[in-house]
Participant: 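Let me begin by handing over the structure; questions about it come next.
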Amino acid sequence: MITVLRLGHRKGRDKRVTTHVGLVARAFGADELLISSKDEGIERTLRDVTARFGGKFRVKSGVKWRKIVENWEGTKVHLTMYGEHIDDVLPKIPNNKDLLIIVGAEKVPGEVFKAVDFNVALGNQPHSEVAALALFLDRFLEGEGLIKDFQGRMKIIPSKNGKKVVEIDD
Ligand code: SAM
């Protein structure tokens, strides 16, 4: 199981980016998004996408993130530009244990850097939690996330020059 934990979400200001963190988490192969502060709007949006496009992605906001990090029984990874380069650290991350992936918004508390097993940099330049998460999941799952069949009510048929969507009636 892969869980993404989004820290420091500011309701209103971070709505769009946190929604994109959730969309990327789901589309690139994670199972769940936890958000440190309560935001029912984002929960609704992501549940609606899952209801239409399939999969079993879960979302929960307003979680007690310190407890989650403290009690996590699998591997804990924090994505940060200050971490070890992905190329150096990826071979050390087990792929047979539950994985918690932490991404920040603004400044991430120092305790997080110490609480995790790996601080991972997708390059040591500042960019974005959305890009960092997408790249990490794609590398970690070796592209598997992108070919997953979500078995959704709505299915997009790849097309060279148009929009083809098949909708399955219940
Ligand atoms: N200066 C901030 C900091 O203290 O890390 C950067 C904030 S950045 C806009 C928001 C999040 O994007 C970070 O918390 C981190 O999870 C992710 N991020 C940005 N650049 C990254 C990189 N090069 N590698 C891994 N994660 C990155």
Side-chain angles (χ1 to χ4, degrees), residues 1-9 14 17-39 42-43 45-47 49-51 53-124 126-152:
M1 191 182 75
I2 301 179
T3 296
V4 176
L5 173 60
R6 163 69 154 160
L7 294 186
H9 166 74
D14 291 324
V17 177
T18 301
T19 303
H20 284 199
V21 166
L23 291 172
V24 162
R26 174 186 168 275
F28 284 65
D31 302 285
E32 180 178 51
L33 173 69
L34 305 176
I35 305 167
S36 56
S37 39
K38 190 78 191 159
D39 196 321
I42 292 179
E43 288 187 356
T45 303
L46 294 173
R47 283 179 192 144
V49 170
T50 301
F53 288 95
K56 292 183 177 163
F57 190 72
R58 297 180 300 275
V59 54
K60 190 174 176 200
S61 68
V63 300
K64 293 195 182 340
W65 68 266
R66 280 191 178 84
K67 281 213 164 119
I68 288 161
V69 175
E70 223 173 271
N71 298 334
W72 189 260
E73 289 186 354
T75 309
K76 294 177 268 192
V77 159
H78 169 220
L79 304 186
T80 167
M81 64 181 178
Y82 302 107
E84 296 179 272
H85 196 282
I86 180 83
D87 290 344
D88 299 326
V89 79
L90 187 65
K92 299 179 199 161
I93 303 175
N95 57 10
N96 57 356
K97 289 185 178 173
D98 286 346
L99 181 64
L100 181 69
I101 306 171
I102 303 170
V103 297
E106 268 192 325
K107 202 165 183 272
V108 171
E111 64 191 270
V112 173
F113 288 73
K114 295 193 177 73
V116 297
D117 302 295
F118 303 99
N119 287 291
V120 182
L122 281 304
N124 297 104
H127 46 79
S128 141
E129 49 274 52
V130 178
L133 180 62
L135 270 174
F136 179 83
L137 285 171
D138 192 50
R139 296 274 186 103
F140 182 73
L141 296 172
E142 298 176 338
E144 237 177 70
L146 293 190
I147 52 171
K148 176 174 162 181
D149 183 1
F150 284 82
Q151 301 195 325

Participant: Over all heavy atoms of both residues, which pair between Lys76 and Asp117 is shortest? Give the atoms and the distance, please.
Facilitator: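 Between these two residues, the closest heavy atoms are N-OD2, 2.7 Å.
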Participant: Report the distance from atom NE2 of His20 to atom CD1 of Ile42, rounding to the nearest 0.5 Å.
Facilitator: 10.0 Å
Participant: Excluding sequence neighbours, so at least two apart, what forms ring pair (Phe, Tyr, Trp, His ring centres under 6.0 Å) with His9?
Facilitator: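 Once residues adjacent in sequence are excluded, His9 has no partner under the ring pair (Phe, Tyr, Trp, His ring centres under 6.0 Å) criterion.
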Participant: Would you confirm whether Asn119, through its side chain, and Val77, through its main-chain N or O, come within 3.5 Å as a donor-acceptor pair?
Facilitator: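 Not a single qualifying donor-acceptor pair exists.
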Participant: Can you see which heavy atom on Met81 is nearest to which on Asn124, and at what distance?
Facilitator: O-ND2, 2.9 Å
Participant: May I ask you to test the Arg26-Leu46 pair for a side-chain heavy-atom distance under 4.5 Å?
Facilitator: no
Participant: Below 3.5 Å, can you tabulate the donor-acceptor pairs from side chains in residues 54-72 to any protein atom, sequence neighbours excluded?
Facilitator:
unit_1, atom_1, unit_2, atom_2, d
Ser61, OG, Asp39, N, 2.9
Ser61, OG, Glu43, OE2, 2.7
Arg66, NE, Glu111, OE1, 2.9
Arg66, NH2, Glu111, OE2, 3.1
Asn71, ND2, Lys67, O, 3.3
Trp72, NE1, Thr75, O, 3.2

Participant: To the nearest 0.5 Å, what is the distance between CG on Asp88 and CZ on Phe118?
Facilitator: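 One finds 12.5 Å between CG of Asp88 and CZ of Phe118.
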Participant: With a cut-off of 6.0 Å (strictly less than), are more than 12 heavy atoms of other residues, nucleotides or ligands near NZ of Lys148?
Facilitator: yes
Participant: CG/Leu34 to CG/Leu100 distance, rounded to the nearest 0.5 angstrom?
Facilitator: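 Reported to 0.5 Å precision, the distance equals 7.5 Å.
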Participant: What distance do Leu79 atom CG and Leu135 atom CG have between them, rounded to the nearest 0.5 Å?
Facilitator: 10.0 Å
Participant: Any idea which heavy atoms bring Ala134 and Phe28 closest together, and the distance?
Facilitator: O-CD2, 3.7 Å
Participant: Decide side-chain contact (heavy atoms from CB on, under 4.5 Å) for Val4 and Val24; before the verdict, give the C-alpha distance in whole Å, the side-chain angles of both, and the deciding distance to 0.1 Å.
Facilitator: CA-CA 10 Å; Val4 176; Val24 162; over 6 Å; no
Participant: How many angstroms lie between CG in Leu5 and CD in Glu32, if you round to the nearest 0.5 Å?
Facilitator: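 These two atoms lie 10.0 Å from each other.
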Participant: Evaluate Val108 against Thr80 for side-chain contact (heavy atoms from CB on, under 4.5 Å), listing each step before the verdict.
Facilitator: CA-CA 9 Å; Val108 171; Thr80 167; over 6 Å; no
Participant: Check ring pair (Phe, Tyr, Trp, His ring centres under 6.0 Å) between Phe140 and all other residues, then give those that pass, not counting sequence neighbours.
Facilitator: Phe136
Participant: What pair of heavy atoms forms the shortest contact from Val21 to Leu133, and how long is it?
Facilitator: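 Closest pair (atom of Val21, atom of Leu133, distance): O-CD2, 3.5 Å.
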Participant: Main chain of Gly104, side chain of Arg6: is a donor-acceptor contact present, judged purely on distance under 3.5 Å?
Facilitator: yes
Participant: Considering residues, nucleotides and ligands other than Tyr82, do more than 12 of their heavy atoms fall under 6.0 Å from its OH?
Facilitator: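 Incorrect, the count does not exceed 12.
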Participant: In sequence, state the C-alpha distance, the side-chain angles, and the governing distance for Asp98 and Thr3, and then conclude on side-chain contact (heavy atoms from CB on, under 4.5 Å).
Facilitator: CA-CA 8 Å; Asp98 286 346; Thr3 296; over 6 Å; no
Participant: Quick one: closest heavy-atom pair of Ile101 and Ile2, and the distance?
Facilitator: CD1-CG2, 3.6 Å
Participant: Specify the closest pair of heavy atoms between Ile86 and Arg139, including all atoms of both residues, with the distance to one decimal.
Facilitator: CG2-NH1, 3.7 Å
